[in-house]
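All remarks here apply to the structure that follows.
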Amino acid sequence: MKLSPQEKAEHRAAFRQMTPAKKLDHIFTYYKIPIAVALFLLIFVGDMVYRQVTRKEPLVYLAITNISVGEELETALTEGFVAYTGAAPKKNEVPVYRQLYLSRDPGSENHQYAYASRLKLMASIQAQELDLVLMNRESYDYLSQEGYLYDLPSVLPQDGALSRRLEPYLRENTVILEDNSIEYNLNEAETYEAVTAQAVNGVEVSSLPLFRDAGFSDAVYLGVIGNSPCLPAVFSYLEYLLGA
């Protein structure tokens with residue numbers, strides 16, 4: 001019900017005569033919902049502003065699969081590249097997907113882990129939020145066979161400078177063009193058959209200075225995801241690794 005001016009004046013006068021405790025109780029009793037809504041909006045807006053102010057722009061996205069990378073090497077792979085590009089560290093970053101495990105035939109103890117890793121990998125690729133993968137041979141074979149990796153000679157810059165520097169480290173692997181895996185897994189085919197091709201889709205980085213003393217006992221590879229939207233940054237990253 002709408003109050004008359006006289007009634008409003010009487011309410012104000014009564015409120016002024018209340019003790020501080022009673023004023024707080026009165027405000028809480030009659031205005032708690034508007035206050036709660038206002039606080040929620042304030043927190044929500046403040047959080048959005050904070051996220052926007054502190055948000056960093058990804059230069060490239062990197063996934064690390066089937067290998068463990070120490071803190072020093074990861075810093076070189078992320079903060080080191082940001083510094084190499086001259087970008088502001090407070091505004092730019094190299095996001096990393098860690099602790100992924102990829103295998104075409106994982107053991108029973110790793111089956112759920114491998115399944116979750118594949119889902120995360122596919123989601124990041126679909127969102128175009130994955131550019132580079134650092135991996136062991138098992139993971140390299142999986143990503144190559146599944147067709148996730150660029151054939152590097154077909155996308156490297158035309159001037160050939162980067163290609164010539166990368167040539168000693170480029171590696172060839174198998175790509176499955178088509179197969180009968182569904183029928184074979186459903187016992188509708190007696191033997192597994194596949195049509196394959198070879199592609200130069202990996203860079204063996206183990207012997208590069210940045211990786212040489214990192215403690216890897218086996219070869220480590222770097223691949224470029226086939227739908228990466230930022231190839232110039234990827235090429236810059238490869239140049240960084242070659243010279244780091």
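We number each residue from 1, following the sequence as shown. Both backbone and side-chain heavy atoms feed into the values below; hydrogens, waters and symmetry mates do not.
- When every heavy atom of L222 is checked against every heavy atom of M135, the shortest pair comes out as C-CE, 3.9 Å.
- S181 pairs by the side-chain hydrogen bond (donor to acceptor under 3.5 Å, both in side chains) definition with D179, not counting sequence neighbours.
- Counting heavy atoms from C-beta outward, N227 and Q128 have side chains that approach closer than 4.5 Å.
- In this structure, Q145 CD and N201 CG are separated by 10.5 Å, a value rounded to the nearest 0.5 Å.
- Looking only at distances, no side-chain donor or acceptor of S144 sits under 3.5 Å from a matching main-chain atom of D141.
- In this view, Y221 and Y140 satisfy the ring-ring contact (aromatic ring centres under 6.0 Å, His included) rule, not counting sequence neighbours.
- In terms of heavy-atom proximity, T78 sits nearest to V96 at CG2-CG2, 3.4 Å.
- Considering every non-hydrogen atom in both V69 and F216, the closest pair reads CG2-CZ, 4.3 Å.
- By the neighbour-count criterion of 12 heavy atoms within 6.0 Å, atom CD of Q99 is sparsely surrounded, having that number or fewer from other residues, nucleotides or ligands.
- Judged by distance alone, the side chain of N66 and the main-chain N or O of L102 form a donor-acceptor pair under 3.5 Å.
- Atom OH of Y192 sits in a crowded spot, with more than 12 heavy atoms from other residues, nucleotides or ligands closer than 6.0 Å.
- When the shell of 6.0 Å around CD of E188 is examined, it contains more than 12 heavy atoms from other residues, nucleotides or ligands.
- Distance check, rounded to the nearest 0.5 Å: CZ of R212 to OG of S206 gives 11.0 Å.
- Listed by chain and number, the residues in a side-chain hydrogen bond (donor to acceptor under 3.5 Å, both in side chains) with E146 are R104 (sequence neighbours excluded).
- With hydrogens and angles disregarded, no donor-acceptor distance shorter than 3.5 Å links the side chain of K90 to the backbone of K56.
- With no hydrogens or angles considered, no side-chain donor-acceptor pair links N136 and D218 at under 3.5 Å.
- The minimum heavy-atom distance linking V175 with G147 is given by the pair CG1-CA, 4.2 Å.
- The hydrophobic clustering, which links ILVMFWY residues whose side-chain heavy atoms are closer than 4.5 Å, places L100 and V94 apart.
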Side chain to side chain contact (heavy atoms under 4.5 Å, CB included) evaluation trace for Y148 with M122: CA-CA 10 Å; Y148 284 123; M122 288 187 291; 3.5 Å; yes
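- No hydrogens or angles considered: a donor-acceptor pair under 3.5 Å links the side chains of Q198 and T174.
- Among residues two or more places apart in sequence or in another chain, the side-chain hydrogen bond (donor to acceptor under 3.5 Å, both in side chains) test is passed with S103 by E138.
- In the hydrophobic clustering of this structure, I225 groups with L119; members are Ile, Leu, Val, Met, Phe, Trp, Tyr whose side-chain heavy atoms approach within less than 4.5 Å, directly or through other members.
- Proximity of Y101 to P106: side-chain heavy atoms (C-beta onward) are separated by under 4.5 Å at one or more points.
- Across L130 and I125, no two heavy atoms sit closer than the pair CD2-CG1, 4.0 Å.
- If you chain together hydrophobic residues whose side chains sit under 4.5 Å apart, V60 and L210 fall into the same group.
- Taking CD of E183 as the start and CD of E190 as the end, the distance is 13.5 Å to the nearest 0.5 Å.
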Mind running side chain to side chain contact (heavy atoms under 4.5 Å, CB included) on E204 and R171 for me, showing each step along the way? CA-CA 7 Å; E204 187 173 341; R171 298 295 179 264; 2.7 Å; yes
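- Looking at heavy atoms from C-beta onward, L121 lies in side-chain contact with L143 at the 4.5 angstrom threshold.
- No side-chain heavy atom of I64 sits under 4.5 Å from any side-chain heavy atom of Y97.
- Two residues are said to be in side-chain contact when any heavy atoms from C-beta on lie closer than 4.5 Å; R98 and E74 meet this criterion.
- Taking the side chain as every heavy atom from C-beta outward, D131 and L62 never approach each other to under 4.5 Å.
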Less than 3.5 Å apart, which donor and acceptor atoms pair up between the side chains of residues 231-244 and the rest of the protein, not counting sequence neighbours?
residue	atom	partner	partner atom	Å
Y237	OH	L77	O	2.8
Y240	OH	A76	O	2.6

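- Side-chain contact between I67 and L134: present, with at least one pair of heavy atoms (C-beta onward) separated by less than 4.5 Å.
- With hydrophobic clusters built from ILVMFWY side chains whose heavy atoms lie under 4.5 angstrom apart, V220 shares a cluster with L132.
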Contacts table for residues 155-170: side-chain donor-acceptor under 3.5 angstrom, sequence neighbours left out:
residue	atom	partner	partner atom	Å
D159	OD1	A161	N	3.1

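- Other residues, nucleotides and ligands contribute only 12 or fewer heavy atoms inside 6.0 Å of the CD1 atom of I182.
- The shortest non-hydrogen separation linking L152 to V224 is CD2-CG2, 3.8 Å.
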Side chain to side chain contact (heavy atoms under 4.5 Å, CB included) evaluation trace for F81 with L59: CA-CA 9 Å; F81 177 64; L59 297 178; 4.0 Å; yes
